[in-house]
Amino acid sequence: MSDLTTVELLWLEKRIENRIRFGKPALERIVDHHRRILSFLPGSIFAFVRWTSNDFGTILSRVDILRAVAPGQRYSTVPWVSPGGESLLRLAGWPKVERVLQLIDAVETLGIDPADAAPDYWHHAHNRLSVNEKPRAYTRARHQAWLHRRRMAL
């Protein structure tokens, strides 16, 4: 299944945490107690959160919301993701990562799986947060409009 996008998740207590915040993996492979590999079908949207620290504190906080690509499609490379993905949102630094996690929570509060939310919303959130502005809230009306556009495109 070479058309899958794989994400290696790693957890080393108080050192490294790579995790999926949302997404619907097609496959999961447990490598050992600290590592798993998740595979996503083309078109799947998922959030990949990375955190790293050393003896002096946090040295990396990053969140990427990616769409898994089909073979031949363009993609951005992201550490731990093979081959990469279409970047919908990419932010670094704990304050921005925390804000993205809050936006994800708000989408879930609406009863909507963030993996099913409009990709344009994640672009909007990226653009606004990258310049320290507040993104508009995702709403049920916006979600219904996205579902309608998606049906019309099929």
Side-chain angles (χ1 to χ4, degrees), residues 1-138 143 146:
M1 295 187 142
S2 63
D3 60 338
L4 297 178
T5 296
T6 61
V7 181
E8 185 175 343
L9 305 180
L10 176 63
W11 179 79
L12 299 173
E13 187 174 1
K14 298 181 181 179
R15 290 291 182 187
I16 298 173
E17 184 177 343
N18 294 349
R19 66 184 176 97
I20 295 296
R21 173 57 183 84
F22 69 78
K24 301 170 189 164
L27 296 171
E28 177 179 3
R29 182 168 64 95
I30 298 173
V31 177
D32 58 34
H33 180 68
H34 299 285
R35 291 181 299 155
R36 294 182 302 144
I37 297 175
L38 299 182
S39 300
F40 293 89
L41 293 169
S44 298
I45 295 175
F46 59 93
F48 181 42
V49 180
R50 294 182 285 146
W51 172 86
T52 306
S53 73
N54 63 19
D55 292 338
F56 303 103
T58 298
I59 57 174
L60 171 80
S61 294
R62 170 162 272 145
V63 61
D64 290 273
I65 297 181
L66 303 165
R67 184 176 4 214
V69 296
Q73 286 184 311
R74 293 182 301 192
Y75 58 86
S76 298
T77 58
V78 176
W80 308 93
V81 179
S82 179
E86 178 188 348
S87 182
L88 303 177
L89 178 147
R90 183 174 207 170
L91 293 167
W94 178 245
K96 290 180 181 180
V97 170
E98 183 178 37
R99 187 65 186 118
V100 171
L101 296 174
Q102 291 167 351
L103 292 175
I104 293 168
D105 290 344
V107 171
E108 289 175 331
T109 299
L110 295 172
I112 298 167
D113 185 333
D116 296 329
D120 291 346
Y121 178 69
W122 301 121
H123 278 294
H124 163 74
H126 166 86
N127 291 335
R128 299 291 290 184
L129 291 172
S130 64
V131 294
N132 297 316
E133 292 291 331
K134 183 178 178 182
R136 289 185 302 271
Y138 196 70
H143 188 65
W146 156 241

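Within the structure, salt bridge (charged side-chain N to carboxylate O under 4.0 Å, His left out) pairs that include any residue of residues 121-132 comprise Arg128-Glu133 (at least two apart or interchain). Residues in residues 39-53 take part in these salt bridge (charged side-chain N to carboxylate O under 4.0 Å, His left out) pairs, two or more places apart or across chains: Arg50-Asp64. The stretch residues 2-37 participates, sequence neighbours left out, in these ring-ring contact (aromatic ring centres under 6.0 Å, His included) pairs: Phe22-Trp122.
When side chains are defined from C-beta on, Ser82 does not count as touching Thr5, because their heavy atoms never get closer than 4.5 Å. Contact check for Lys96 versus Asn132: side-chain heavy atoms found under the 4.5 Å cut-off. Using a 4.5 Å cut-off on side-chain heavy atoms (C-beta onward), Lys24 and Asp113 make contact. Residues His126 and Leu91 have side chains in contact (heavy-atom distance under 4.5 Å, counting atoms from C-beta outward).
Between the NE2 atom of His124 and the CG atom of Leu103 there is a distance of 8.5 Å, given to the nearest 0.5 Å. One finds the CD atom of Gln73 at 11.0 Å from the CG atom of Asp3 (value rounded to the nearest 0.5 Å). Phe48 contributes atom CZ, which lies 15.0 Å from atom CZ of Arg21 (distance to the nearest 0.5 angstrom). Atom CG of Leu10 and atom CZ of Arg36 lie 11.0 Å apart (nearest 0.5 Å). Interatomic distance, Leu66 CG to Ile45 CD1, rounded to the nearest 0.5 Å: 9.5 Å. Interatomic distance, CZ of Arg15 versus CD1 of Ile59, reported as 8.5 Å (0.5 Å rounding).
Here the options are Leu101, Leu9, Ile104, the test is side chain to side chain contact (heavy atoms under 4.5 Å, CB included), and the partner is Val49; only Leu101 passes.
Among all heavy-atom pairs drawn from Arg67 and Gly43, the shortest one is CG-O, 3.6 Å. For the residue pair Thr77 and Pro83, the shortest heavy atom distance occurs at CG2-O, 4.2 Å. Here the closest heavy-atom approach between residue Tyr75 and residue Gly84 is recorded as CD1-CA, 3.8 Å. The shortest non-hydrogen separation linking Ser61 to Trp51 is OG-CD1, 3.7 Å. Nearest heavy-atom pair across Phe40 and Pro25 is CE2-N, 3.5 Å. Minimum heavy-atom separation, Ser87 to Ser76: CB-OG, 4.1 Å.
Side-chain atoms of Tyr121 come within 3.5 Å of backbone atoms of Arg136 as a donor-acceptor pair (strictly under, hydrogens ignored). With hydrogens and angles ignored, the 3.5 Å screen pairs no side-chain donor or acceptor of Tyr138 with any backbone N or O of Pro114. A side-chain donor-acceptor contact under 3.5 Å links Ser53 to the backbone of Lys14.
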